[in-house]
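So you know, we letter chains A, B, ... as the sequences are listed, proteins then strands, and number each from 1. Note that this is a predicted model, so its numbers are computed, not measured.
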Amino acid sequence: MQLDWTTLLLQIVNFLILVWILKRFLYQPVLDIIHRRQQGIEQTLAKASDAEERAAQLERDYQARLADWDKERKRAHAKLLEELAAERNQRSKQLEQTLAEQRERDASLEQRRRDELQRQLETAALGQAGRFVGRLLERLSGPELDERLVATVIEDLGQLPDEQRRELAAAAAQPNATLRIETARPLNQATRDLLLDSLRGVLGKLPSIEDKLTPELVAGVRIALGPWLLAANLQDELSCFRNGAYRAD
Amino acid sequence: MESINIVFQWGPIGITSTVVTTWLLIALIGLSAWLATRRLSLDPSRLQTVLEGAVLTIEDAIEQVLPGQARLILPFVGSLWIFLAFANLVGIIPGLNSPTADLSTTAGLALLVFLSVHWYGIRSGGLLAYLGHYLKPSPIMLPFHIVSEISRTVALAVRLFGNIMSLESAALLVLVVAGFLAPVPVLMLHIVEALVQAYIFGMLALVYISGSIQSQQEVLDKKTGEHP
């Protein structure tokens with residue numbers, strides 16, 4: 001146990017040198033690399049925290065956007081329902097109107113069809129009635145009926161207005177005027193004389209007379225003078241009856 | 001009394017085997033530190049992981065005793081632990097003696113601890129405040145403080161010297177008496193005891209330094225009105 005001051009001082013210097021060496025080559029580099037690693041970890045954590053915050057913000061934004069979309073969807077759905085209801089009401093009204101118009105047209109058509117049917121039935125009935133009356137009158141026709149029809153002609157000639165009398169007289173005065181008298185069968189002389197007297201009273205002077213037998217007249221007489229025609233026979237009457245029935249349609 | 005073993009003479013200065021061994025240790029430790037730390041990376045290798053673990057362990061030990069001052073104390077106390085561990089263990093190598101088995105080395109280290117205690121104390125609170133704590137709680141305590149400072153420094157030097165020297169002496173005695181097989185358990189005991197003594201010396205130095213810093217910190221806290 002001996003204390004050497006030189007060694008003591010040298011050992012102090014040696015240790016201080018060792019402290020410097022270790023500080024320079026051990027503590028400082030190791031602590032620096034640890035510090036850098038900690039900084040890296042802190043930066044990574046900060047980035048992770050930022051990323052987490054951004055993710056949370058994105059999630060909040062996404063949720064808010066989803067909520068907005070949901071509201072917008074509900075609004076659009078409600079609007080669509082309203083539009084559909086309005087469209088349905090409009091279409092329903094249009095359909096009802098169309099149906100009403102169609103019903104009206106159908107009713108009109110039905111009425112027209114019924115009228116047409118009725119007209120056809122009436123026409124057919126008149127036709128049948130005409131044929132029936134024609135056959136009946138054919139069976140009833142004879143000299144008596146001819147005399148009565150000629151009497152009717154004579155009566156009508158007596159009742160003609162003056163103006164027609166003058167026009168008939170003018171027609172009879174034409175140079176080539178011909179008075180054609182058509183009968184279903186030959187008239188007896190007395191009846192023929194009465195008819196000619198009556199015509200002479202209307203026409204003044206009788207033009208040339210043309211007698212003609214026309215069995216289609218069934219009964220009665222048809223007198224033609226130029227454009228004038230005086231008819232009192234069953235054919236013309238039945239024909240007028242039928243035509244009158246047609247015009248009534 | 002053992003004579004001083006001078007290996008060579010450098011002018012008027014006699015270089016002892018203790019100094020030469022210390023130079024070898026410094027060269028070994030410095031070269032190892034340089035080799036281990038020249039390629040540090042953020043993705044550590046196994047060696048770097050062990051190195052970082054050792055430095056962080058030392059720093060954590062200091063941090064537990066002196067919170068917030070670890071970076072300031074680390075170079076001194078850490079170097080004490082590392083140097084003493086190597087210096088205490090080098091004695092098991094045949095032909096080499098532990099530098100710490102020389103009272104000059106332990107006294108020099110104790111003297112450095114003594115000076116560092118005052119250095120860190122004055123640096124922490126100022127010269128007057130530091131000197132003032134010797135008069136607390138009463139100026140009568142000044143001689144006791146002085147005796148305490150000297151006695152603990154002497155105890156620090158003698159404890160380490162005595163333990164390491166006795167270990168080497170015991171190992172030599174067992175080797176002489178029992179042959180080459182018996183020293184193996186003794187060598188194991190030597191290793192454990194060497195590491196324990198290194199730890200004790202460094203921890204005592206840390207406690208002394210932290211005592212001086214904390215006493216100054218308390219003075220500053222009282223001045224600023226902070227009462228922890």
Count the heavy-atom pairs under 4.5 Å between each of B/Leu109, B/Thr106, B/Leu51, B/Leu74 and chain A, then report the option with the highest count. B/Leu74

Contacting moiety of B/Leu56, where chain A heavy atoms sit under 4.5 Å: side chain

Relative to chain A, which segment of B/Val55 carries a heavy atom at a distance below 4.5 Å: side chain, backbone, both, or neither? side chain

Is there a side-chain hydrogen bond (donor to acceptor under 3.5 Å, both in side chains) between B/Ser104 and A/Gln11? Walk through the geometry before answering. CA-CA 8 Å; B/Ser104 302; A/Gln11 289 295 77; over 6 Å; no

Please look at B/Leu112 and chain A and tell me whether the side chain, the backbone, both or neither of the residue comes under 4.5 angstrom of a heavy atom of that chain. side chain

When the 4.5 angstrom heavy-atom criterion is applied to B/Leu25 and chain A, the contacting part is neither

Determine the minimum heavy-atom distance between B/Gly30 and A/Ile21, stating which atoms define it. CA-CG2, 3.6 Å

If you define the side chain from C-beta out and look only at heavy atoms, does anything of A/Phe15 sit under 4.5 Å from B/Leu80? yes

When every non-hydrogen atom of A/Val19 is compared with those of B/Pro75, the smallest separation belongs to CG1-O, 4.0 Å

Under 4.5 Å from any heavy atom of chain A, what part of B/Arg71 do you find: side chain, backbone, both or neither? side chain

Find the one option among B/Ser79, B/Ala101, B/Ala107, B/Gly108 whose heavy-atom pairs under 4.5 Å with chain A are most numerous. B/Ser79

Greatest number of heavy atom pairs closer than 4.5 Å to chain A - which of B/Ala36, B/Ser32, B/Ala33: B/Ala33

Hey, which residues of residues 26-42 of chain A are touching chain B, say heavy atoms under 4.5 Å apart? A/Leu26, A/Tyr27, A/Pro29, A/Val30, A/Leu31, A/Ile33, A/Ile34, A/Arg36, A/Arg37

Is B/Ser41 in contact with chain A via its backbone, its side chain, both, or neither, using a 4.5 Å heavy-atom distance? backbone

Could you tell me whether a side-chain N or O of A/Thr6 sits under 3.5 Å from a main-chain N or O of B/Ile13, the two making a donor and an acceptor? no

Spacing of B/Asp102 atom CG and A/Thr7 atom OG1 [to the nearest 0.5 Å]: 6.0 Å

What distance separates A/Leu18 CG from B/Ile29 CD1, expressed to the nearest 0.5 Å? 5.0 Å

